Amino acid sequence: MNLSNLKPAVGATKTRKRVGRGSGSGLGGTSTRGHKGAKSRSGYSRKIGFEGGQMPLQRRVPKFGFKNINRVEYKAINLDTLQKLAEAKNLTKIGINDFIEAGFISSNQLVKILGNGSLTNKIDVEANAFSKSAVAAIESLGGNAVKL
């Protein structure tokens with residue numbers, strides 16, 4: 001046995017179905033598309049969600065709820081994250097630019113400081129919003145919570 005006489009196992013390969021090559025091939029005429037209808041025509045492409053004329057699932061299922069167009073989305077940052085940031089960069093005042101440089105937010109996001117965790121240093125914080133517990137924790141150590 002060598003590379004010149006290797007063959008695939010019996011039944012492992014099939015010849016390709018060549019449609020539209022005359023009636024003698026058995027696959028001429030309608031070329032396996034059947035008679036009439038949209039699928040038999042050239043250029044047919046089925047629309048997404050089309051179910052052959054049956055009412056599509058997307059229209060059968062009841063709709064509910066709504067999206068509030070006035071919703072304001074904040075990126076939440078906890079007090080323990082502030083503490084780690086202040087210790088790592090030796091900061092006493094933390095603003096939006098510090099959050100962007102640290103990679104917590106992108107330049108177009110809004111920040112809300114939440115009261116999870118604890119602070120040990122006096123820190124002045126500038127953010128778009130604060131929770132009541134966060135303001136209480138920051139001011140208890142003599143820091144300022146400045147709302148932008």
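In this chain, numbering begins with 1 at the start of the sequence shown. Keep in mind that the numbers below use all heavy atoms, side chains included, and drop hydrogens, waters and symmetry copies. The structure displayed is predicted, hence computed values, not measured ones.
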Are [X] and [Y] linked, directly or through other ILVMFWY residues, by side chains that come within less than 4.5 angstrom of each other?
X	Y	value
Leu114	Phe130	no
Phe64	Phe66	no
Val146	Ile100	no
Ile94	Leu148	yes
Tyr74	Val125	no

- Message: Donor-acceptor pair, distance only, cut-off 3.5 Å: does the side chain of Lys63 make one with the backbone of Val61?
- Response: yes
- Message: Determine whether Lys93 and Glu126 satisfy the following criterion, side chain to side chain contact (heavy atoms under 4.5 Å, CB included), listing intermediate values before the conclusion.
- Response: CA-CA 8 Å; Lys93 185 175 182 183; Glu126 289 181 359; 3.4 Å; yes
Nearest-0.5 Å distance that lies between atom [atom1] in [X] and atom [atom2] in [Y]:
X	Y	atom1	atom2	value
Asn121	Thr92	CG	OG1	9.5 Å
Phe104	Thr81	CZ	OG1	6.0 Å
Gln58	Ile48	CD	CD1	11.5 Å
Glu139	Asp124	CD	CG	10.0 Å
Ile105	Asn97	CD1	CG	8.5 Å
Asn116	Ser131	CG	OG	9.5 Å

I need the minimum non-hydrogen distance between [X] and [Y], along with the two atoms involved.
X	Y	result
Leu110	Asn128	CA-OD1, 3.3 Å
Lys39	Tyr44	CG-CE2, 3.6 Å
Ala127	Ile113	CB-CG1, 3.6 Å
Ala145	Val135	CB-CG2, 4.2 Å
Arg18	Ser25	O-OG, 4.5 Å
Glu51	Gln54	OE1-NE2, 3.0 Å

- Task: Could you walk me through whether Thr120 and Glu87 pass the side chain to side chain contact (heavy atoms under 4.5 Å, CB included) test, one step at a time?
- Result: CA-CA 10 Å; Thr120 54; Glu87 287 173 358; 4.1 Å; yes
- Message: Is the shortest side-chain heavy-atom distance between Lys17 and Leu27 below 4.5 Å?
- Response: yes
- State whether the number of non-hydrogen atoms from other residues, nucleotides or ligands found under 6.0 Å of Lys122 atom NZ is greater than 12. no
- Task: Give a yes or no on whether Arg59 atom CZ has more than 12 heavy-atom contacts from other residues, nucleotides or ligands under 6.0 Å away.
- Result: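 Count not over threshold, so no.
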- Item | From Ile123, Asn144, Leu79, residue fulfilling side-chain contact (heavy atoms from CB on, under 4.5 Å) relative to Ile138 | Leu79
- Query: Does the side chain to side chain contact (heavy atoms under 4.5 Å, CB included) test come out yes or no for His35 and Thr30, once each step is laid out?
  - Reply: CA-CA 7 Å; His35 295 281; Thr30 59; 3.7 Å; yes
